[in-house]
Each structure stands twice: as C-alpha cells, then as structure tokens.
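Data first, discussion second: the structure below is written as structure tokens.
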Amino acid sequence: MVHSFKQGWQTLKSIFTGMGITIRHFFGPSVTLQYPDERDVLPKLARSKLFVNIDDCIGCNLCARACPVNCIDIETVKAGADVDLGKTSNGSQKRLWISRFVIDMAKCMYCDLCTYPCPTDCIYMVQEYEYSDFNRDNLVYKFSNLTPEKIAEVKETARIEAEEAEKKKAEEAAAKAARASKASDSRPSSVPGAARGIPGSAKGIPGKAKGIPGASKGVPGKAQGIPGAAKSIPGKAKGIPGAAKGVPGKAKSIPGTAKGVPGAAKSVPTAAKGVPGKAKGVPGAAKGVPGKAKSVPTAAKNVPGKAKSIPGTAKGVPGKAKSVPTSAKSVPGKAKSVPGTAKSVPGKAKGVPGKAKGVPGGGAAKVPGKSTAKQVPGKKPPKENKDNNTD
Amino acid sequence: MIEIVQKGKSRPEMVINMGPQHPSTHGVLRLEVTLDGELVTHVRPHIGYLHRCFEKYGESVGDYGMVTPFTDRMDYVSAMNQEHGYVIAMERLLDIEVPERVEYIRVIMAELQRIASHLLAVGTFGLDLGAFTPFLYVFTEREKILDIFEKSSGARLLYNYMCIGGLMRDVDDDFKKDTEEFVRTFRPKITELQNLLTYNSIFIKRTAHIGVLPPKVALNYAASGPVLRGSGVKWDLRKNNPYSIYDRFDFDIPVGEGEVGTLGDCWDRYIVRVLEMEESCKIIEQALEAMPDEGDVQQNVPKRVRTKPGEIYARTETPRGELGYYIISDTSAKPYRIKARAPSFVNLSLLPAISRGSLMSDLVAIVGSIDIVLGEVDR
Amino acid sequence: MAKSTQEIFDYLKAAYPEVDLVLESAKLGDPWITIPAEHWKKIAKFLRDDSDLRFDTLMCLSGIHYPDEVLLAIACHLHATEKGHTLAIKVKVPESNPNIPSVESIWKTADWHEREAYDMFGIIFDGHPDLRRILCPDDWEGFPLRKDYVPQESYMGINTKYTEVEASDD
Amino acid sequence: MTWLESLPLAVFVMIPLVIILIYALFAIWMERKVAGFIQDRLGPMRVGGWHGWAQSFADLLKLIQKEDIIPAEASKFLFRFAPFLMFAASYAAFAVIPFSSAYMGSNIDIGVFYLLAITSLLTISVIMAGWASNNKWSLLGAMRTAAQMVSYEVPTIMAVLSVIIVAGSLNLMTVTEMQSGNDTLGFLPNWLIFQNPFLLVAFVIFFISILAESHRVPFDLPESESELVAGFQTEYSGMRWAMFMLAEYADMLLLSLLGAVLFFGGWNSPFGGFMDGPIWGFFWFMFKGMILVFVMMWIRWTLPRYRVDQLMYLCWSILIPLSFINFVLIALWEMLF
C-alpha cells in the first residue's frame with residue numbers, strides 16, 4: 001500500500017518534472033529559421049553543387065576518373081599543332097579542346113573526390129543548393145563553351161590529322177603484331193577491358209581503329225591463338241570489370257585474361273562459342289591498369305585470316321592483349337570492326353561497341369547506344385546496337 | 001474479412017506485416033509478426049529493402065579511395081565512424097603510419113559522431129514510445145554537431161572526410177573553439193533529457209523488463225555496442241582492443257545494471273547510450289587538450305594505393321557496435337573482396353529471440369532499443 | 001592469455017591430427033587457418049567449448065569466390081571475449097558442390113551471416129534451419145557477389161539495367 | 001409549425017455547430033503552435049500572415065479537395081457512415097452544455113445522463129470505422145479503443161457522479177448556477193472544486209479519464225502512430241478523415257467544457273460579479289474550456305504513451321477503486337458539512 005502510494009507519487013512527480021521542462025521551452029526562444037525568408041550561412045567549404053571553371057580546364061580527365069559514380073563526362077579533341085589554346089590561370093598550357101564537359105548532378109553523390117586531383121583547381125563545389133528541378137535533364141550541367149559548329153570544326157581537323165597518323169601507325173602496328181605474335185610469353189598485365197574504354201578518338205572513323213594509340217591490337221587473322229585458343233579462365237580475370245559495372249550482360253564470355261598467356265591460354269569461353277573455326281575475332285583488347293582503360297578491341301572487319309588491321313596493343317606489347325570480349329553469340333564469324341578507344345572514362349563504356357555487331361555486346365548493355373552512333377558514323381545505327389543487346 | 005488463422009486446436013493467430021513502411025521500423029524494415037491478440041508469438045524480420053550492393057560496389061569502383069564515400073552511406077547516421085573503420089582497416093593492411101594530429105582529429109570526429117548518433121537513437125526511441133518532444137530537443141543538439149562537421153568537411157551527413165593515411169582536408173580554424181563550446185553546452189542538455197525522458201515513469205514502465213537480453217545470449221548472437229553493454233557485458237573495443245589512439249584516454253564503459261528493471265532490458269540499452277554520450281564528452285575534452293595544433297594531415301596519404309595480396313579483418317566500435325571490415329586485396333587497384341560486418345545487421349538478428357511473448361507495443365520499444373539503421377543492415 | 005593464430009593452429013593440430021588443417025597467410029594482413037568443410041562443424045564446436053580457446057562469438061562470416069580455383073569459401077572471424085584472442089578461419093568448397101555444414105547451432109549469429117553467404121554466393125549450409133535469401137528477393141536469379149555474376153535482365157517486368165538519361169548536346 | 005417558424009429554432013440549434021467548427025479550426029492551429037513552441041519551433045508561420053493563423057483553413061481546403069478513397073475490400077456503407085456518426089455523437093452532446101446563462105441548446109433535467117450516454121456512441125463509430133476498413137491495424141486500433149473507452153467511462157462517470165451528489169442536479173445549467181458568487185470566505189469563487197477537498201481528487205480522476213476518453217497522450221493508443229500507424233483512421237483520407245479530426249477535437253472540447261461546468265463554475269466569472277453577464281459568461285466558459293484543452297496539449301507534447309495493458313491496469317486497478325472510495329468520502333463529507 002505504502003509502496004503503491006510512493007509509486008504513484010513518483011509517477012506524478014516525474015510527469016510534473018517533464019511538464020516543467022516543456023513549459024520552460026514553451027516560453028523559450030525558437031531555434032529554427034524561417035527558411036525562405038532567412039537562410040543559414042553555409043561554411044566556405046560546404047559541398048552543394050559542382051562547378052567547373054571551363055577556362056582553366058585542360059581536359060586531363062582526372063576528375064572524371066576519380067568519380068565513383070561516373071557523373072562526369074568529358075570529351076576532348078586534340079588541338080592542331082598550330083593552334084594555341086592559351087594557358088590556365090596557374091600557367092598550364094592547354095592542348096585539348098573540351099568539346100564536351102557534362103556533369104550529371106542527379107547522379108552526383110557530393111563526395112568531393114573529383115576536386116582533389118584537378119591540377120588546375122578548376123572543378124570545385126559551390127554553395128548553391130537550391131537547384132532542384134522538375135525535369136531530370138535539367139540537372140545535367142554542361143560546361144563546355146564551344147559552339148556545336150566549333151566542335152564540328154575542331155573534330156574534323158583532328159580527324160584528318162588522326163587519320164594520317166593512323167595510317168602510319170597501322171602499318172607499324174601490323175608489322176609489330178606479326179612479330180609479337182610469336183613472342184608469346186609476355187604477360188599481360190591487364191584486366192580486360194571491359195568497361196572502361198571509350199572510344200574516344202576513334203570518332204569517326206570506322207573501320208579504322210584509330211585511336212588510341214597504343215591500344216589497339218588486333219589479332220591478326222590467325223591470331224595466334226588468341227582467339228579461340230585463348231582460354232583464359234574466366235575466373236581469373238580479376239578484374240573483371242564487368243561484373244561490376246556493367247558488364248555486358250551477355251558477356252558471359254568475358255574472357256578474362258590476365259594471367260594467361262595469350263596464345264597459349266586456355267580458352268575463353270566466349271570466344272569459343274562464337275567463333276569456332278573462324279577465329280573471328282577476337283580482337284583483343286587489352287587493358288591496362290584499370291582506370292586507365294584502354295583497350296580496344298578492334299579488329300576491323302576482318303575476316304579471319306585476313307585480318308588486316310591489327311591494332312596494337314595494350315601498353316605496348318603486342319600480343320599481349322588478351323581478352324576480348326566480344327560477344328560471341330552475336331557474331332559469329334563476322335566481327336566487324338570495332339574501333340577502339342580510349343578515353344577511359346571509367347565506367348562509362350560509352351562508346352565501345354558500337355557498331356560492330358559483334359562487339360561486345362555486352363558492354364553495350366550499359367551503354368546506351370546513342371553515343372556510339374554519334375561517334376561512328378557510318379556504322380550501324382544505334383538501334384541495332386540495342387537489339388543486339390537484347391538478344 | 002480479416003483473415004484470422006486458426007490452426008488445429010491452438011488459439012487463433014493473426015499475421016500482420018509491420019513495415020516496410022511503418023513509422024517505428026526506422027526505415028524499410030519489414031517485420032512479419034504473428035499475433036495472438038496483442039501478444040507477439042513470433043517475429044520474422046525481412047530485410048533487403050535498402051540493399052545497395054555496397055560490397056559489389058566496393059569490388060568494382062576504381063580504387064580503394066573511392067570506397068570511402070560508399071562506407072558513409074551504410075550507416076548514414078554515423079558516417080564518420082564508418083569511414084574511420086574503413087581507413088583503419090586499410091591502414092592496417094598497408095601498414096601506414098598516421099600523423100598524430102590526424103589521429104586526434106579522427107578521434108574527436110568519431111566521438112562527436114557517436115554523440116550525434118546516440119542522440120538520434122535516444123530521440124527516436126522516445127518517439128517510438130510516443131514522446132515527440134525529446135526527439136526535437138536532442139535534434140537541436142545534433143544539429144550543432146553537424147554544423148561542426150560541415151565547417152570542416154563540407155557536408156552534414158555523408159562526410160567523406162577521412163582518407164587512407166590521413167584526412168581529406170584539415171579542420172576548420174574554429175574547430176577547437178566550436179567543439180569546446182559544444183561540449184560545454186551539451187552537458188546540461190543530458191541532464192534535461194534525463195529528467196524529461198529517462199526517469200519519466202511512463203517511459204520506465206514502457207521499457208523496464210521489456211525485451212530482456214541475457215548476456216549469454218547476447219554473446220552467442222555476437223551482439224555488440226550498447227546492445228551488448230546493456231546486458232551488463234563490459235565490452236568496448238575502444239577499451240578492450242584499442243585502435244587508433246583510444247588507449248590514451250581516460251573514460252569508462254557504461255554498462256546496464258538493471259537499475260529500474262531486469263538486466264538487459266530496453267531501458268538498460270537506452271541508458272547505456274545516454275551515459276556513453278557523457279563518456280564521449282570526456283574523450284573529446286582530453287583529445288582537444290592533447291591535440292597538436294600544427295601538422296599536415298595529408299603527409300602520409302599515398303598518392304596511389306598499391307596493394308599486394310593480403311587480407312585483413314579490422315574492427316572498430318561505432319555507436320551501434322562492432323563494425324568490421326574484411327578486406328581481401330590483390331595486386332589490382334580495387335578490393336578483391338570487401339565485406340562489412342555491420343553491427344545493426346547482427347543486432348537485428350536477435351530480435352526474434354527477445355521479442356517473443358511481448359506485446360505489440362513492446363515490439364516497437366524493442367526495435368527502437370536495438371537502434372538499427374537500415375542502411376547498415378542491408379548495406 | 002591471448003594466443004596467436006600460430007599457437008591456436010598448433011593447438012588444433014594436436015587436437016585433430018587427422019584433419020588436414022593448413023595455416024596460410026598472404027603478403028599483407030593476417031594469417032588464417034583453412035579447414036576442410038567436412039570437419040568444420042566439429043572443429044567449430046571445439047573452438048567454442050575448449051577451455052583454452054573459448055571462442056564465444058563469431059564476429060563475422062563472409063563468403064568469398066575464387067574463380068581461378070573454381071572454389072567458394074567462407075571466412076569466419078572468431079573472437080574470445082574472455083581470452084581476448086581472435087582467429088580467422090576459411091572453409092573452401094568446390095563451386096560444383098558448395099556444401100558447408102552450418103554452425104548456426106553453435107553460434108546463433110551465424111544464422112543471418114550464412115543466409116547472406118547463401119544469398120550472395122550460393123554456398124549451401126547443411127543443417128541451417130531457415131536457409132532463404134536474405135538481401136535479394138527470393139526469386140532473384142544468380143549469386144551477385146560471384147565474380148562471374150551476370151545480372152538478370154529484368155525482374156518482375158522491371159528492367160534492371162540502368163539507362164542513361166542524357167540531354168542532347170545543344 | 002411552418003419552416004419559417006422553425007427557422008429561429010434551426011438557427012438556435014446551429015449555434016454549437018458554428019462554435020465547434022470555429023473552435024476546431026482554432027484548436028488545430030493552436031495544437032500546432034503549442035507543439036511548436038514547446039519544441040523550440042514556431043509552428044505554422046506562413047499562411048494568412050500573423051503566425052500562420054489561416055493554416056487550418058488551408059488544410060481544410062486541401063482536405064476537401066482530396067480524393068475520397070474507399071478501400072476495395074472495405075464494408076462500404078459502414079466505412080462511409082462511421083465518421084459522420086462519430087461527429088454526430090460529439091455534436092449532439094453539445095445540446096446540454098450551458099454556454100452562457102442565456103444560451104443552452106436543450107435545458108433538460110437529465111443533461112449529464114444524456115451527455116454520457118450519447119458520447120458512448122463514439123465507441124461504436126470507432127469500432128465501425130476500424131472494422132469496416134478491413135485493415136489489421138485499424139482493427140487492432142478499434143479494439144483497443146473500444147476497450148479503452150468502455151473502461152474509462154466508469155471512472156468518468158464516478159467522478160461526474162461525485163459532483164452530482166454535491167450539486168444535487170443532473171441539469172448542467174442548475175449545476176452552473178449554484179456555483180455563482182464567491183464562497184463563504186469571500187476570496188475564492190464559489191466553484192465546486194473549492195468546496196470539497198475530495199472533489200479535487202475527483203477532478204484529477206475526471207481529468208485523467210477524459211484524456212483517455214478523447215484519446216489524448218498518454219492514452220492515445222487507438223491511433224498511436226508509432227505502433228498502429230494511425231489505428232482506426234489508417235484507411236481514411238480527405239474529408240472523411242477530417243470528420244474524425246473534427247469529432248476528436250470536438251470531443252476534447254466537450255469533455256473540457258464538461259469539466260469546466262462541473263468543477264470550475266461554468267460560465268461564472270472568476271471575479272464574482274465583475275465581468276459577468278451572458279457575453280462575458282460565454283467568454284469565461286470557453287476560456288476555462290480552452291485552459292483545459294491547453295493542458296491536454298501540453299501533456300501530449302511532454303509524455304510518452306502507455307501500453308495497452310498498463311492503461312487498463314491504471315483504469316481498473318487504480319482509478320476505479322479510487323473513484324469509488326472518493327465517491328463515498330464525498331458523500332460522507334456532504335453529510336457532515
């Protein structure tokens with residue numbers, strides 16, 4: 001009984017204590033701001049929105065590579081030797097036209113990782129935080145200040161220059177590749193390229209893998225063993241990017257490679273499926289260190305045996321390239337060319353595939369057909385590309 | 001109309017889905033509750049609604065540094081602690097020495113974050129039990145901590161502030177002053193919270209003797225953090241297995257004592273959190289005192305993280321318990337395998353064991369007292 | 001007193017001479033002991049109950065995929081609260097027959113961890129009372145954390161691929 | 001009686017409705033302001049200018065425009081009917097409330113009896129809503145409500161009866177009138193609460209019970225949002241949901257006003273004859289009611305909620321025995337003095 005009363009008293013006491021606290025707050029000041037009328041002052045470093053001072057940008061692509069979610073997309077065109085693009089505010093010489101610098105703020109996760117590597121400090125977070133929009137497209141911010149005409153012009157110039165260079169290179173590369181095919185022991189360092197590569201340069205020239213220098217390598221017709229033969233156990237591919245980002249759905253075949261010695265290797269499933277007999281192709285692609293993607297598969301049109309092009313190799317050592325994804329399924333025998341690429345934007349395998357039907361279909365998966373189409377004129381329209389993915 | 005299942009001769013039972021959209025499940029947790037009247041006969045938690053593939057991401061982003069922002073997003077309520085765990089794991093794997101100043105800043109940040117996280121935990125716990133106001137009072141305090149974080153890191157919730165070998169940037173000039181000011185004004189607020197909520201008799205009625213977790217069971221379930229300490233087990237990695245520079249500080253590990261109810265009940269888990277805030281204040285004060293004023297926080301940051309094959313399991317004490325990162329590296333630039341052992345995930349798994357036989361309303365209290373963050377449960 | 005992995009290994013070796021235990025380590029980080037799957041449960045019980053070891057908590061249980069060796073594995077990190085020692089254990093099984101005995105009855109916490117390993121890697125835990133997927137939906141195809149995982153193209157009519165929305169350049 | 005003749009009567013009858021509607025809008029605004037101030041916020045500040053006074057109107061407009069959703073599996077008639085029944089019950093009870101010395105809807109001799117009886121309809125409407133929604137949360141909420149309201153009616157009635165034996169009448173107007181003037185000592189109003197020490201206890205019991213009757217914290221189990229989502233209102237939206245809110249606030253006012261009549265002298269001025277009269281009477285009456293409403297809000301924003309069994313324990317093991325003992329003691333006191 002006494003206990004009950006004590007308890008009852010405790011209850012009432014604690015209730016009144018609580019009510020005393022709340023009534024004090026009732027008469028106390030409010031801690032809130034009337035938002036649209038009053039605004040908090042954000043600290044200097046507040047991370048709210050990315051901004052690029054495009055005049056200072058040298059197109060080095062470091063920010064795009066640092067982005068974990070790939071929300072930055074940069075496309076550059078090499079300036080002609082005689083063009084002076086000026087210098088940035090900290091004195092670096094600019095050598096590239098920035099034909100495209102797009103940040104998708106809808107994807108951005110505000111981690112600020114892109115701002116650290118920038119050599120000219122031209123990308124940074126600003127404090128503007130009120131930029132919500134009803135249309136997601138409006139959150140894609142474009143920073144390039146070139147007009148479309150100007151872009152077309154500089155691209156054309158670059159294309160011509162590149163074509164010439166390419167020709168030279170292709171010849172050299174063919175010779176090299178022939179040599180290389182024998183040398184089978186070198187070890188590829190790399191991870192198959194799956195995702196990363198963007199054909200950048202290749203822009204426009206079909207059939208001719210041009211691009212990125214170093215990268216391409218083709219497999220000569222007989223490619224020694226690479227294709228079919230190559231076996232690399234899929235599992236090994238360490239990196240298979242694929243898996244992660246997008247690897248092509250179909251890609252079951254992502255041959256991996258690494259580790260294996262080319263040629264010798266054991267088979268890649270994919271390839272196998274696709275191309276029996278005809279070693280078609282597999283253009284290989286080697287890639288370097290992730291992140292730097294590079295690879296480009298490419299073998300243009302080649303019919304086996306005929307392969308003409310052989311593009312080069314990754315990182316220089318021909319013969320090493322190994323992997324080629326390609327989707328076997330789709331292209332038996334006919335792998336048409338895939339231009340290669342290089343820009344490495346991580347994750348964005350944008351252009352890769354493209355055209356080739358055979359191409360890495362898989363890759364395509366994540367890549368919208370669009371960009372490719374643009375870049376490789378003359379090749380199959382993007383639609384087809386899509387179809388390819390789905391089947 | 002409403003289906004009431006009657007199996008055999010047992011009493012009729014009703015199966016009810018609590019969540020994934022339910023005010024007291026703290027996110028998208030779904031509990032499949034079997035009720036006999038209002039009595040809970042069985043609970044089956046269903047998780048995965050917030051699964052964002054942290055592990056898959058970790059294995060596919062460009063390099064080790066890019067994983068950090070994703071760790072923030074696991075337990076978004078204590079992002080600093082998540083980062084701290086990850087960078088410590090990587091530093092231990094790569095054997096990187098971290099500058100003194102960085103260690104101190106990290107510890108202060110981690111303890112501030114612990115306070116912020118516990119504030120949220122006790123606030124929402126009150127909210128679950130119908131006390132709305134304490135929630136907003138503690139939120140006011142939490143805002144002050146977030147302001148401190150924002151000044152230094154630039155963000156209020158997902159900081160990406162620590163990096164392997166150091167910090168992304170040095171702290172703000174006002175950091176020391178702000179933190180001292182915060183600790184000073186925060187202590188009276190704990191007292192106020194104690195009066196308003198902790199010792200409120202209705203609150204005690206709702207939490208004492210509810211969801212009792214015996215220490216043996218807690219260990220068998222590998223519970224950690226306040227859930228384990230609430231059961232009276234004096235186990236805190238900061239003390240028992242010190243990482244970073246925690247061995248330099250003098251602080252206590254509060255444990256549940258069954259003060260108003262049974263040892264290991266909801267109230268004990270709650271009070272451990274409240275008392276831990278006090279301890280964190282102590283650590284912060286000592287760390288502020290001892291922190292070197294100068295020093296380059298980036299000096300030991302590797303330009304590029306290069307690894308060899310190896311594996312490490314490193315654990316740290318977050319507000320919710322033991323956070324372990326199991327990282328397998330190879331020669332590539334990204335983790336071969338990264339697994340996060342999330343404390344909420346483990347703590348939530350013992351929910352069925354401690355909620356059987358309680359009432360529907362107690363279930364709410366039990367879930368609140370475990371203090372889960374679904375981002376971490378599902379990763 | 002806390003024992004090192006080496007000491008525990010020797011101790012186990014002495015207790016189970018017939019079992020093929022291997023102490024392994026990589027260039028970086030901590031060593032671990034590899035235990036054949038068929039002996040795992042027995043040894044787990046020993047680890048928990050032996051008075052010198054007393055591994056009363058299972059901190060973490062993670063699945064791992066080794067596509068090179070066509071293996072699946074689990075890594076268990078044990079901890080002894082009183083003794084203060086920790087131990088990493090791996091159990092490897094072939095991909096074609098990924099059966100590992102469940103230790104749910106020894107450490108309750110293994111329940112969800114094993115479900116997660118099953119969900120992500122397809123490792124089957126024999127004797128687990130409720131081996132369902134935990135993070136993915138029950139009818140999800142494939143095991144996402146395997147290195148050769150290919151996501152299904154659509155789930156319940158929803159396209160699982162991310163299509164990039166991009167504004168045109170003009 | 002032609003319609004023209006009955007018009008004044010209709011207007012007469014409508015007066016409480018107007019009061020309820022205006023009060024409900026005001027009370028909802030006030031609840032938010034009270035919550036805001038207690039929580040160091042400001043509450044609504046934008047709509048209408050000064051301290052967002054028009055916020056409730058804006059909400060009402062929004063609710064009116066909302067789609068009237070009826071779950072496919074619901075029992076349609078009952079689902080539609082429940083909110084109106086609930087409001088009707090609250091509204092009908094106002095008939096016997098003496099708003100001022102000049103106005104009372106129906107001056108009947110069994111006023112208290114009528115009021116308590118008709119508010120029991122609320123229980124039925126809540127069960128109706130909960131069951132008809134065909135939702136498990138609603139059903140649980142409805143069951144809790146039924147148990148809670150039926151239980152708490154007992155202490156409420158006992159507390160009211162305690163007053164009635166002192167006042168000697170079931171007519172609320174009579175009860176009010178006998179509290180006019182100052183008490184024998186001359187400095188306290190002649191209110192019942194000051195007349196008998198045990199009536200103070202009766203008031204505490206009464207106040208706790210009306211908190212439970214009107215589902216206010218700490219007894220808001222029927223709609224406890226962190227457990228039952230919104231209890232019996234879970235499936236309601238738009239205007240029908242607004243009817244529930246209206247009825248709930250009306251119920252709160254009704255019971256507060258009843259408290260004012262029974263314990264605080266109804267429309268009598270606290271200053272004896274000063275500031276007296278029908279208009280002032282109305283003001284004082286509403287003022288007293290609103291004070292009680294404010295205390296209910298204040299409690300709501302301070303306390304956590306009881307659990308269902310604790311609520312029942314409080315009612316059956318504490319309040320009811322206490323109210324019976326108290327009843328006897330009051331009767332004894334009345335006999336002795």
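Lettering follows sequence order; numbering is per chain, from 1. Everything numeric here is computed off the predicted structure, so don't read it as measured data.
Of the atoms belonging to B/Tyr137, it is side-chain heavy atoms, and not backbone ones, that fall under 4.5 Å from chain A. Heavy-atom distances place the backbone of B/Ser152, and not its side chain, under 4.5 Å from chain A. Contact of A/Thr22 with chain B is made through backbone and side chain together, with heavy-atom distances under 4.5 Å. Of the two parts of B/Arg156, neither the backbone nor the side chain holds a non-hydrogen atom closer than 4.5 Å to a non-hydrogen atom of chain A.
Shown here for A/Pro68 and B/Phe70, the closest heavy-atom pair between the two residues is CB-CE1, 3.6 Å. Here the closest heavy-atom approach between residue A/Arg47 and residue B/Ala155 is recorded as NH2-CB, 3.6 Å. Pairing each heavy atom of B/Arg73 with each of A/Met109, the nearest pair is NH2-O, 2.6 Å. Between B/Lys151 and A/Leu45 the shortest heavy-atom distance is O-CD1, 3.6 Å. Contact between A/Ile21 and B/Leu196 at its shortest, heavy atoms only, is CD1-N, 3.8 Å. B/Glu150 approaches A/Ala46 most closely through the heavy-atom pair OE2-CB, 4.0 Å.
Side-chain atoms of B/Glu192 and A/His25, non-hydrogen and from C-beta on, do get closer than 4.5 Å to each other. Between B/Met66 and A/Leu113, some side-chain heavy-atom pair lies under the 4.5 Å cut-off. Using a 4.5 Å heavy-atom threshold, the side chains of A/Gln10 and B/Tyr199 count as separate. Looking at B/Gln194 and A/Thr17, their side chains never come closer than 4.5 Å, going by heavy atoms from C-beta outward.
To the nearest 0.5 Å, the span separating OG on A/Ser14 from CD1 on B/Ile202 amounts to 7.0 Å. If you take OG1 on B/Thr133 and CZ on A/Phe26, they are separated by 12.0 Å, rounding to the nearest 0.5 Å. In this structure, CG on B/Asp72 lies 9.0 Å from SG on A/Cys111, to the nearest 0.5 angstrom.
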task: Apply salt bridge (Lys or Arg N to Asp or Glu O under 4.0 Å) to A/Asp112 and B/Arg169, showing your working.
output: CA-CA 11 Å; A/Asp112 211 20; B/Arg169 44 163 73 121; 3.1 Å; yes
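In terms of heavy-atom pairs under 4.5 Å with chain A, the best-connected choice from B/Pro69, B/Ala131, B/Gly65, B/Cys53 is B/Pro69.
Panel note: side chain A/Thr11, backbone B/Ser201; no donor-acceptor pair is recorded below 3.5 Å.
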